[in-house]
Amino acid sequence: MRPTSTVDRPSNVSESLARGRLGIPSVIFFVLSAAAPLTVVAGVVTTGYGVIGVTGIPLAFLLVAAVLALFSVGYVAMSRRVENAGAFYAYVSRGLGRPAGVAAAWVALTAYNALQVGLYGTIGVAAEPVLDRIFGGHPHWSIVALVAWALVGVLGLLRVDINGRVLAALLVAEIVVVLIFDLGQLGNPAGGEVSFAGFAPDNLFVPGVGAVLVLAVLGFVGFESAVVFSEESKDPKRTVPLATYLSVVIVAALYALSSWTMAVAVGPDQIVSEAGEQSVGLIFNLAAAHLGDTAVTIGQVLFLTSVLAAMISFHNTTARYAFALGRERVLPAVFGRTSPRSGAPQAASVAQSVFGLLVILLYAVNGWDPVVKLFFWVGTTGGFGVLLLIATTSVAVIAYFARSGGDETLWRRVIAPVLATLALFVIIWLAVSNFANLLGVAPDSPLRWIAPAVFPVVAALGINWALVLRRRRPDTYARIGLGAASAAAAVKPEAPANTEVTR
């Protein structure tokens with residue numbers, strides 16, 4: 001019979017993610033699937049044109065890509081030193097101290113859950129034209145959402161590389177169709193002339209620029225998740241940097257091209273009114289005019305799978321954040337357990353599924369608009385939360401390397417992170433100033449302040465919880481940010497804690 005003292009000790013096997021299952025392509029598929037190319041092109045871009053009324057969206061994507069590329073310099077440099085599924089949480093813990101790290105973790109869980117459940121609000125709309133063509137009608141949006149919820153929940157319990165293969169198939173087809181649509185639009189310019197007005201600074205730096213920049217950031221959300229899968233990568237020190245940089249480049253090129261060709265096909269003087277009138281249907285109506293009904297049908301099917309792929313990716317990312325917190329006992333220990341068979345974060349994945357189910361039922365029972373009040377309001381707010389996390393992590397990178405610069409160059413540990421931090425805080429300031437435009441509500445609407453205020457409140461609660469842990473459970477507090485090493489630290493409490501974390 002085992003000694004009683006060992007019963008509650010964590011297992012290094014059950015509390016470790018499956019290693020060596022993801023190569024560079026698989027990680028990129030996870031990252032780009034979260035970015036959801038066709039969903040962004042059909043939904044986010046048309047929203048930027050039609051609701052906000054800013055025509056410099058192609059330039060906005062390139063500008064945000066430049067800022068995120070600067071951020072990535074320090075981010076991936078730190079990834080070579082800190083390997084943890086709770087990326088932002090671990091980095092902020094190491095750079096700014098444990099209380100700030102727990103605050104970042106709570107903000108991350110809130111933001112990624114918002115992004116994940118927000119997608120359930122649009123899956124019904126994405127499925128309508130496909131189901132109408134096949135069955136001559138469609139069920140209530142919540143039925144479609146529940147089917148998608150069940151599929152995502154099952155995949156979340158399977159091996160991570162199986163999820164990667166599903167995303168690969170969906171993503172490749174999706175990108176090919178987006179590029180075909182782009183060629184059709186570029187080959188049929190309004191008035192017979194290709195206009196580059198979308199890249200003119202005068203068309204971006206106008207009232208509403210902050211809202212457009214946040215929408216552009218929302219289009220990139222997911223690029224940072226390469227680090228989340230570092231523990232399951234075959235060669236994290238090579239996989240994470242390549243996947244991060246390639247994702248930023250691919251997303252920037254695809255979105256700038258697509259938003260530009262859309263304006264070319266409609267005309268820069270008509271894109272705002274047409275996008276406002278046709279919304280998501282604009283890109284498919286253009287495809288029908290230029291490429292025929294078959295292309296539209298394929299595009300509509302892939303729009304549906306694009307939303308589904310983003311759900312799968314965000315589900316996996318959210319579950320791994322909860323797993324990282326459970327492993328270190330910041331959340332209940334059950335969240336730090338993985339499936340012995342698949343290596344997936346089982347309890348964390350189930351918890352995320354339960355939350356998604358509750359949200360779907362809540363909106364369905366109350367008859368709330370799933371597109372505006374779930375997909376748009378909740379999802380956009382989640383994107384703003386990720387922007388706050390990126391900015392905070394950028395500060396943490398600077399602080400971390402100020403204490404332990406090691407062999408990193410001045411560019412990686414100081415110059416690039418400082419430039420990125422300054423740019424990110426400017427975008428945040430512009431975003432808060434333009435939040436009413438971002439949500440499409442009146443300037444005096446309480447929602448324009450309530451939505452962004454959620455994250456400071458959540459962060460404050462996270463800091464308070466960290467201080468409670470420091471006072472009541474100092475052993476747990478000492479393991480915050482250690483990642484896989486936290487399990488070993490729990491088994492051998494006499495071992496000294498990582499000296500890089502001292503607060």
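Please read these numbers as outputs of a predicted model, since none were measured by experiment.
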Engineer: State yes or no: are the ring centers of Y321 and Y89 separated by less than 6.0 Å?
Structural biologist: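 Distance test on ring centres: not under 6.0 Å, no.
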Engineer: Between OG1 of T421 and CG of L70, what distance do you get to the nearest 0.5 Å?
Structural biologist: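 Between atom OG1 of T421 and atom CG of L70 there are 9.5 Å.
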Engineer: F375 versus Y120: any side-chain heavy-atom pair under 4.5 Å?
Structural biologist: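 Answer no - side chains too far apart.
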Engineer: State, yes or no, whether a side-chain contact exists between L325 and L109 at a heavy-atom distance under 4.5 Å.
Structural biologist: yes
Engineer: Is the ring pair F220/Y255 parallel, tilted or perpendicular, if the boundaries are 30 and 60 degrees?
Structural biologist: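 Because their plane-to-plane angle is over 60°, the rings of F220 and Y255 count as perpendicular.
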Engineer: Do side-chain atoms of W106 reach the backbone of A460 as a donor and acceptor pair under 3.5 angstrom?
Structural biologist: no
Engineer: Using every non-hydrogen atom in the two residues, find where G153 and S353 come nearest and quote the distance to one decimal.
Structural biologist: CA-OG, 3.5 Å
Engineer: Please examine the side chains of F401 and V414, heavy atoms only from C-beta on, and report whether any two atoms are closer than 4.5 Å.
Structural biologist: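 The answer is no; the side chains never approach within 4.5 Å.
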Engineer: Just how far is it from atom CG of N203 to atom CG of L59, taken to the nearest 0.5 Å?
Structural biologist: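 CG of L59 is found 9.0 Å from CG of N203.
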Engineer: Where the side chain of R329 meets the backbone of G326, is there a donor-acceptor pair that is under 3.5 Å apart?
Structural biologist: yes
Engineer: Please find out if less than 6.0 Å separates the ring center of F384 from that of F435.
Structural biologist: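 They qualify: ring centres under 6.0 Å apart.
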Engineer: With side-chain hydrogen bond (donor to acceptor under 3.5 Å, both in side chains) as the test, would you mind laying out the steps for S306 and T39 before giving the verdict?
Structural biologist: CA-CA 6 Å; S306 172; T39 301; 2.7 Å; yes
Engineer: Can you tell me how far CD of Q352 sits from OG1 of T317, rounded to the nearest 0.5 angstrom?
Structural biologist: 10.0 Å
Engineer: Tell me if a side-chain donor or acceptor on R472 pairs with a main-chain N or O of L467 at a distance below 3.5 Å.
Structural biologist: no
Engineer: Are Y75 and Y91 near enough that their ring centres are under 6.0 Å apart?
Structural biologist: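 Centroid distance Y75-Y91: below 6.0 Å, so yes.
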Engineer: Using side-chain heavy atoms (C-beta onward) and a distance below 4.5 Å, is E408 in contact with M78?
Structural biologist: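 Counting from C-beta outward, E408 and M78 never come under 4.5 Å.
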Engineer: Return yes if some donor-acceptor pair links the side-chain N/O of T261 with the main-chain N/O of L257 below 3.5 Å, else return no.
Structural biologist: yes
Engineer: Is there a side-chain contact between I123 and W141, using heavy atoms and a 4.5 Å cut-off?
Structural biologist: no
Engineer: Nearest heavy-atom pair of N437 and G208: which atoms, and what distance?
Structural biologist: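 Between these two residues, the closest heavy atoms are ND2-CA, 3.8 Å.
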Engineer: Could you walk me through whether W260 and F196 pass ring pair (Phe, Tyr, Trp, His ring centres under 6.0 Å), step by step?
Structural biologist: CA-CA 8 Å; W260 170 59; F196 292 89; 5.1 Å; yes
Engineer: Of all the heavy-atom pairs spanning L439 and W377, show the shortest one and how long it is.
Structural biologist: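 Of all heavy-atom pairs spanning L439 and W377, the closest is O-NE1, 3.2 Å.
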Engineer: Please report the closest heavy-atom contact between G462 and V102, naming both atoms and the distance.
Structural biologist: O-CG1, 3.3 Å
Engineer: Output the distance between atom CG (L286) and atom CE (M262), rounded to the nearest 0.5 Å.
Structural biologist: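 Answer for the CG-CE pair, L286 versus M262, is 7.0 Å.
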Engineer: Holding to side-chain hydrogen bond (donor to acceptor under 3.5 Å, both in side chains), I want the full list of residues that pass it with Q278, two or more places apart in sequence or in another chain.
Structural biologist: E274, N285
Engineer: If you measure from CG on L438 to OG on S433, what distance do you get to the nearest 0.5 Å?
Structural biologist: 12.0 Å
Engineer: Within the structure provided, determine whether V378 and Y363 are in side-chain contact (heavy-atom separation under 4.5 Å).
Structural biologist: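 A side-chain contact under 4.5 Å exists here.
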Engineer: Any side-chain heavy-atom pair from F181 and S258 closer than 4.5 angstrom?
Structural biologist: no
Engineer: Give a yes or no on whether W368 atom CH2 has more than 12 heavy-atom contacts from other residues, nucleotides or ligands under 6.0 Å away.
Structural biologist: yes
Engineer: In the structure I gave you, are the side-chain heavy atoms of S349 and F323 within less than 4.5 Å of one another anywhere?
Structural biologist: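 SC-SC contact between S349 and F323 ruled out.
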Engineer: Identify whether NZ of Lys or CZ of Arg in R98 sits under 6.0 Å from the centre of the six-membered ring of Y477 and within 45° of that ring's axis.
Structural biologist: yes
Engineer: Would you please name every residue forming a side-chain hydrogen bond (donor to acceptor under 3.5 Å, both in side chains) with T318, sequence neighbours left out?
Structural biologist: none
Engineer: R448: which residues meet the salt bridge (charged side-chain N to carboxylate O under 4.0 Å, His left out) condition with it, sequence neighbours left out?
Structural biologist: none
Engineer: Here's a test for you: under side-chain contact (heavy atoms from CB on, under 4.5 Å), which of I427, L204, L68 qualifies with L63?
Structural biologist: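 The option that passes is L204.
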Engineer: Roughly how far, to the nearest 0.5 Å, is OG1 of T55 from CD1 of I271?
Structural biologist: 9.5 Å
